[in-house]
Amino acid sequence: MTETPAQPPAQPPAAHPAPELFSWEFATDPYPAYAWLREHAPVHRTKLPSGVEAWLVTRHADAKQALADARLSKNPAHHDEPAHAKGRTGIPGERNADLMTHLLNIDPPDHTRLRRLVSKVFTPRRVAEFTPRVQELADQLIEGFVEKGEADLIHEFAFPLPIYAICDLLGVPREDQDDFRDWAGMMIRHGGGPRGGVARSVKKMRGYLAELIHRKRAELTDVPAPGEDLVSALIRASDQGEHLTENEVAAMAFILLFAGFETTVNLIGNGTYALLTHPEQRQRLQSSLAAGHTDLLGTAVEELLRFDGPVELATWRFATEPLSVGGQDIAPGDPVLVVLAAADRDPERFEDPDTLDLSRRDNQHLGYGHGIHYCLGAPLARLEGRTALTTLLTRLPDLQLAGDSADLRWRGGLIMRGLRTLPVEFTPVAKPKSR
């Protein structure tokens, strides 16, 4: 009699199946899924909506290590990409528009040289001197809707503020800035616009920047004028005889606009939404501002960056050799995405991480990265965030959500996290009649 071979016992189903990632429901509130990953699969391989497979790093300690690990390259050339994934790991259209030579795509020594040159002109002092213009823009934008008693804070305030600010800083003439606003608007739709719209907008922006650089170079004087625009300063920047190439100037201007404006849109939008849905914290901040104090404002912006920050995942990294992150082996060529939103809610690092506490002091969040790729534009984003929130809370003191927060929709996309719209209402304020 022939015996039937014994079958291996069936594996019991997982007690907690992995959550679905990158759905619309996930986009609304990704934090429960990230909590599951931190506990059960802190370095997790997944297929992204684009079809690319990548590792997600979710714990704070592992994230901090990965962000500073030189074996994780920023250069897409190190991606061992299959044919179907080609070109799907960066900003759509940047490769074809010859805009790859910026700080998000290069490693030392090229990164060291480029960052040193750019840091010479994009200084904290230059940002601080820009404060009055940011305040002027915030006031002008609020004047546009203050009499209505209602507004969409994303489209009428959070979006145009950083666009016009960075255009002014770069030296884009006022008459051309609405073109930049249109191109930038296409970029942040993340698939919500016409097919290929982002790549076309990037191409148009690249063409404009080439013309702007030629014009600025022709107008360059021997001695910089006070308040010289950033494009002119980038053209002028040199270090031991080295200058930025024209492509590097264009790519740097592009990434300051692309990375700089959307992070600030989301900082203002997400931050305002968090305050409106946490009335006790919002009242603390309003009372502090009304009393003329600014200490709480400083910690508040950092807490808003940690609690629901503008950058959900750090930009792409690629393993250049075998390495281990969080005990997980990663092969050369594999993409790695550090989930900043998950790391900044890690209970191993932050006490009561799911609680919004505007006075939180121990707050070494990763909202703007870590290591040599720490965001160069962070001081400008913080300035714009502080100015925007202060202006909203002081000029519209009874600001509140219009409608149910459950009806709000978050933009799709892999790297950034931000609301599509933020409808609000408040007591209308009549403008003074001109004489």
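We count residues from 1, following the sequence as given.
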Exercise for review: Ignoring hydrogens and angles, tell me if any N or O in the side chain of R38 forms a donor-acceptor pair with the backbone of A342 under 3.5 Å.
Suggested key: yes

Review point. Is the closest basic N to carboxylate O distance between D357 and R284 below 4.0 Å?
Key: yes

Exercise for review: Find out whether P353 and H60 are in side-chain contact, i.e. whether some heavy atom of one side chain is under 4.5 Å from a heavy atom of the other.
Suggested key: no

Exercise for review: State plainly whether the residues R395 and E143 are in salt-bridge range, i.e. N to O under 4.0 Å.
Suggested key: yes

Review point. With a 3.5 Å cut-off and no angle check, do the side chains of Y208 and D179 form a donor-acceptor pair?
Key: no

Review point. With distance as the sole test, does T131 use its side chain to make a donor-acceptor pair with the main-chain N or O of A128 at under 3.5 Å?
Key: yes

Check your understanding: Can D334 and R45 be counted as an ion pair, charged N to O under 4.0 angstrom?
Key -> yes

Exercise for review: State whether the side chain of Q281 and the backbone N or O of L358 hold a donor-acceptor pair below 3.5 Å, judged by distance alone.
Suggested key: yes

Exercise for review: Please tell me if the side chains of L230 and R126 come closer than 4.5 Å, counting only heavy atoms from C-beta onward.
Suggested key: yes

Revision key, fill the gap. Of all heavy-atom pairs linking V325 and V43, the shortest is O-CG2, 3.3 Å

Review point. Quick check, are the ring centers of F350 and H365 under 6.0 angstrom apart?
Key: no

Review point. Stepwise, does the side-chain contact (heavy atoms from CB on, under 4.5 Å) test hold for L209 with F180?
Key: CA-CA 10 Å; L209 288 172; F180 268 77; 4.2 Å; yes

Exercise for review: Considering non-hydrogen atoms only, spot the tightest contact between G171 and L212 and give its length.
Suggested key: O-CD1, 4.0 Å

Exercise for review: Give the C-alpha distance, both sets of side-chain angles, the deciding distance and a yes or no for side-chain contact (heavy atoms from CB on, under 4.5 Å) between I235 and L244.
Suggested key: CA-CA 7 Å; I235 295 168; L244 292 161; over 6 Å; no

**Study point:** Spacing of H373 atom NE2 and T315 atom OG1 [to the nearest 0.5 Å]
**Key:** 8.0 Å

Point to revise | Nearest heavy-atom neighbours spanning L422 and L419 | key: CD1-CD1, 4.0 Å

Practice item. Can you measure from CD1 (I213) to OG1 (T245) and round to the nearest 0.5 angstrom? Key: 9.0 Å

Practice item. Look at E303 together with R306 and state whether they make a salt bridge at an N to O cut-off of under 4.0 Å. Key: yes

Review point. Any sub-3.5 Å donor-acceptor pair from T394's side-chain atoms to T390's backbone N or O?
Key: yes

Review point. Which value, rounded to the nearest 0.5 Å, describes the distance between R361 atom CZ and T299 atom OG1?
Key: 5.0 Å

Review point. Below 4.5 Å, heavy atoms only, C-beta onward: do F157 and V424 meet side chain to side chain?
Key: no

Point to revise | Note, V339 side chain near L337 side chain (heavy atom, < 4.5 Å) | key: no

Exercise for review: Ignoring hydrogens and angles, tell me if any N or O in the side chain of E129 forms a donor-acceptor pair with the backbone of G227 under 3.5 Å.
Suggested key: no

Review point. Can L72 and V338 be said to form a side-chain contact (heavy atoms from CB on, under 4.5 Å), step by step?
Key: CA-CA 11 Å; L72 289 172; V338 176; 6.0 Å; no

Check your understanding: When you check the side-chain N and O atoms of E136 and Y164, is any donor under 3.5 Å from an acceptor?
Key -> no

Check your understanding: Sequence neighbours excluded, which residues qualify as ring-ring contact (aromatic ring centres under 6.0 Å, His included) partners of F307?
Key -> H278

Please tabulate, one pair per line, all N/O donor-acceptor pairs under 3.5 Å involving side-chain atoms of residues 287-295, not counting sequence neighbours.
from, atom 1, to, atom 2, distance (Å)
S287, OG, Q283, O, 3.0
S287, OG, Q283, NE2, 3.0

Check your understanding: Quick one: are L220 and S232 in side-chain contact, heavy atoms under 4.5 Å?
Key -> yes

Review point. Taking N270 for the side chain and R417 for the main chain, is one N or O donor matched with an acceptor at less than 3.5 Å?
Key: yes

**Study point:** Heavy-atom donor-acceptor pair, E246 side chain to A210 backbone, under 3.5 Å
**Key:** no

Check your understanding: Between L285 and L275, which heavy-atom pair has the shortest distance, and what is it?
Key -> CD2-CD1, 4.1 Å

**Study point:** Over all atoms of both residues, closest heavy-atom pair of A253 and V231
**Key:** CB-CG2, 4.5 Å

Point to revise | Whether Y34 and Y31 hold their rings parallel, tilted or perpendicular, with breakpoints at 30° and 60° | key: perpendicular

Check your understanding: H111 versus K74: any side-chain heavy-atom pair under 4.5 Å?
Key -> no

Exercise for review: For T277 and A274, indicate whether the former's side chain and the latter's backbone hold a donor-acceptor pair under 3.5 Å.
Suggested key: yes

Check your understanding: Can you tell me how far CG of L117 sits from CD of E248, rounded to the nearest 0.5 angstrom?
Key -> 8.0 Å

Revision key, fill the gap. H78 and S73 have their tightest heavy-atom pair at CD2-OG, 3.0 Å

Review point. Under 4.5 Å between any side-chain heavy atoms of L296 and S359, yes or no?
Key: yes

Practice item. Would you tell me whether D152 and T421 have side-chain atoms, one donor and one acceptor, within less than 3.5 Å of each other? Key: no

Check your understanding: Just by modelled atom types, is the R71 backbone N or O under 3.5 Å from a matching donor or acceptor in the T320 side chain?
Key -> yes

Review point. Would D168 and R174 pass as an ion pair if we require N to O under 4.0 Å?
Key: yes

Check your understanding: So do the side chains of R206 and F254 get within less than 4.5 Å of each other, counting heavy atoms only?
Key -> no

Exercise for review: Kindly determine whether M252 and I255 satisfy side-chain contact (heavy atoms from CB on, under 4.5 Å), including the steps that lead there.
Suggested key: CA-CA 5 Å; M252 195 63 226; I255 205 62; 3.9 Å; yes

Exercise for review: Give a yes or no on whether E150 atom CD has more than 12 heavy-atom contacts from other residues, nucleotides or ligands under 6.0 Å away.
Suggested key: no

Review point. How long is the span from the CD atom in Q286 to the CG atom in L393, to the nearest 0.5 Å?
Key: 5.0 Å

Check your understanding: How about E280: does its CD atom have over 12 heavy atoms from other parts shown lying under 6.0 Å from it?
Key -> no

Point to revise | Spatial distance of atom OH (Y368) from atom OG1 (T263) [nearest 0.5 Å] | key: 5.0 Å

Point to revise | Under 3.5 Å: donor-acceptor pair, side chain of R59, backbone of V57 | key: no

If you look only at distance, which donor and acceptor atoms sit under 3.5 Å apart when one is on a side chain in residues 377-385 and the other is two or more places apart or in another chain?
from, atom 1, to, atom 2, distance (Å)
R382, NE, E302, OE2, 2.7
R382, NH1, Y374, OH, 3.2
R382, NH2, E302, OE1, 3.0
R382, NH2, Y374, OH, 3.4
E384, OE1, T264, OG1, 3.1

